[in-house]
Amino acid sequence: MTTDTSQAPRLTSLSHGGGCGCKIAPGLLAELIGKSALPKQFFPDLLVGTETADDAAVYRINDEQAIVATTDFFMPIVDDPYDFGRIAATNALSDIYAMGGQPLMALAIVGMPINVLPHDTIAKILEGGESVCRDAGIPLAGGHSIDSVEPIYGLVGIGIVNPRQMKRNADAKAGDVLILGKPLGVGILSAALKKNLLDEAGYRAMVEATTLLNRPGTALGKMDGVHALTDVTGFGLLGHGLELARGAGLTARIDSRSLPVLPTVQGFAEQGVITGASGRNWASYGTQVVLGAGITDAQRALLTDPQTSGGLLVSCTPDVADQVLALFAEQGFGDAAIVGRMEAGQARVVVD
C-alpha cells in the first residue's frame, strides 16, 4: 500500500526516548531483576547467562560449538526511516560480535503505530534492517510485529562461537590495556538532532558510526591475548567499563585525554546539549566511579553518554594491542584507540 508521506510526523517525535538512550537505567534494572522470586536453576551448558550483565547468552552444543543468542530493539534515534532500520539492526548484531561470535541469522521485532505512520515509512524501516543483515551475510528469517503506540524496531540475533574462543565481559586481567573501537558522542548528537541543532555533516558522521558493523569481534575472539570484550551502548563508557571491572574484580582506569570523539560532540556537551539518560546513568553508578579533579561536567556527560550501536571495548595484553588496532583499522575503524588499562584494586572505574 502506498501512502502520502508529505504530512508524516518525524519519527523522533513519536518516541519519548531514542536508541539505546531508551534503556532502563542500570540501577533500576538491577533492582527489577533482583526482585524476581523465582529460584535460580543451574544449566551446565549455559556458559553465559545473566550473572555478569554480558552482551548475549551463550549455550554450548558440543566442545566446538555454542549458540550465541541476543535481542535488542528501541525507538527512533533519527527521523529517516531507512537509517533508523539500519542503526537498530547494526546495534542488535553487535552483541554477537561482542562475544567473539559470528552471526548466523536474525528475526525482526516490529512495533509500529499503524494508523499514524505512513506504510511506506514502515516499509523503509524494515528495508534498512534487511540491508544490514545482507551486509552481515545472514538471512532475516522472520520475526514478529504488533501495532504499538510508539515505533519500535530491532532484531533477535542468533550466532555461533567456539566455546574456547568466546569472550566474556568478566575475564579482563590486571595489566591489560583497554581499546575502544568507535568514537563516543552518539547520544549527544541525537540530542542535538532533536533540537534541530545538528547539521548534515554531523548527521552523516553519526549514521556512519552507528551503521558500522562490529565485525572485528569475530577475529578478536580467536586472539589469545584478548581477554574480555563488550560493546559500549546505553550505559555509556563508564557503565560498560564498570561491568568489566566488576566481573574481573579490578579497577578500570580511563584516560579521558585519549578518548575518540565524534565531530562537534565536545561543543554540544559544553552547551549542555545532552540526553536525560546520561544523568540517569550517573545516578545509577556514579558512587563507583572516581573522577579526576580536572574532569568537567561536559566530560562527565560524554563518559556517561548512551551510545547507540557503539564500539567494542577490548581488554587485551599490551603485546597484542598493536595487532588489535591494526585489525580495527583494516576493517574501517580508523578512530580505534587505547583509552585505558585494567589494574589491581577494588571494582570501580577511575578517570584521569
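Values in this document were obtained by computation on a predicted structure and should not be read as measured data. Atoms considered below: every heavy atom in the structure, side chains included; atoms not considered: hydrogens, waters and symmetry mates. This chain uses plain numbering: 1 for the first residue, then up along the sequence.
- Although no hydrogens or angles enter the test, the distance criterion places no donor-acceptor pair under 3.5 Å between the side chain of Thr233 and the main chain of Gln307.
- A donor-acceptor pair under 3.5 Å is formed between the side chain of Arg60 and the backbone N or O of Pro44.
- Val132 is not listed as a side-chain neighbour of Thr211, based on a closest heavy-atom distance of 4.5 Å or more.
- Side-chain contact of Thr304 with Ser278: a donor-acceptor pair under 3.5 Å is present, judged by distance alone.
- Between the side chain of Asp305 and the backbone N or O of Ile188, at least one donor-acceptor pair lies under 3.5 Å.
- Judged by distance alone, the side chains of Asp80 and Tyr203 never bring a donor and an acceptor atom under 3.5 Å apart.
- Between Ile254 and Val349, some side-chain heavy-atom pair lies under the 4.5 Å cut-off.
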Tell me, with the steps shown, if Asp83 and Arg86 meet salt bridge (Lys or Arg N to Asp or Glu O under 4.0 Å). CA-CA 5 Å; Asp83 286 343; Arg86 292 169 65 212; 3.1 Å; yes
Between Ser309 and Val186, does a side chain to side chain contact (heavy atoms under 4.5 Å, CB included) hold up when you go through it step by step? CA-CA 9 Å; Ser309 190; Val186 172; over 6 Å; no
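- Applying the side chain to side chain donor-acceptor pair (under 3.5 Å) rule to Ser94 yields the partners Asn214, Asp231; only residues at least two apart in sequence or on another chain are considered.
- Every side chain to side chain donor-acceptor pair (under 3.5 Å) that Asp255 has, sequence neighbours left out, goes to Arg257.
- No chain of hydrophobic side-chain contacts below 4.5 Å, direct or via other Ile, Leu, Val, Met, Phe, Trp or Tyr residues, connects Val350 to Leu303.
- Without hydrogens or angle criteria, Thr251 side chain to Gln346 main chain gives a donor-acceptor distance under 3.5 Å.
- Applying the side-chain hydrogen bond (donor to acceptor under 3.5 Å, both in side chains) rule to pairs touching residues 219-229 yields Asp176-His227, sequence neighbours excluded.
- Of the possible polar contacts, none joining the Lys173 side chain to the Thr317 backbone as a donor-acceptor pair under 3.5 Å is found.
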Run the side chain to side chain contact (heavy atoms under 4.5 Å, CB included) check on Met206 and Leu193 step by step: do they pass? CA-CA 10 Å; Met206 180 176 72; Leu193 178 67; 4.2 Å; yes
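- Under the 4.5 Å side-chain contact rule for hydrophobic residues, Tyr82 and Ile109 do not share a cluster.
- Every side-chain contact (heavy atoms from CB on, under 4.5 Å) that Ala192 has, sequence neighbours left out, goes to Leu197, Leu198, Phe268, Val273.
- Not one N or O on the side chain of Gln65 forms a donor-acceptor pair closer than 3.5 Å with the backbone of Asn62.
- In this structure, the side-chain contact (heavy atoms from CB on, under 4.5 Å) partners of Ala136, at least two apart in sequence or on a different chain, are Leu93, Tyr97, Ile138, Leu213.
- Without hydrogens or angle criteria, Ser256 side chain to Asp352 main chain gives a donor-acceptor distance under 3.5 Å.
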Any chance you could lay out the side chain to side chain contact (heavy atoms under 4.5 Å, CB included) test for His119 and Ile114, step after step, and finish with the verdict? CA-CA 7 Å; His119 294 182; Ile114 296 298; 3.7 Å; yes
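- The hydrophobic clustering, which links ILVMFWY residues whose side-chain heavy atoms are closer than 4.5 Å, places Ile160 and Val58 apart.
- A salt bridge is absent between Arg246 and Glu243; no separation between the charged side-chain nitrogens and carboxylate oxygens falls under 4.0 Å.
- Leu229 forms part of a hydrophobic cluster together with Val177, Ile179, Leu212, Leu220, Met223, Val226, Leu312, Val314, Val320, Val324, Leu325, Leu327, Phe328, Phe333, Ile338, judged by ILVMFWY side-chain heavy-atom separations under 4.5 Å.
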Could you please spell out the steps behind the side chain to side chain contact (heavy atoms under 4.5 Å, CB included) verdict for Asp335 and Leu262? CA-CA 9 Å; Asp335 292 303; Leu262 287 165; 5.8 Å; no
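- One hydrophobic cluster, built from ILVMFWY side chains closer than 4.5 Å, holds both Met105 and Ile61.
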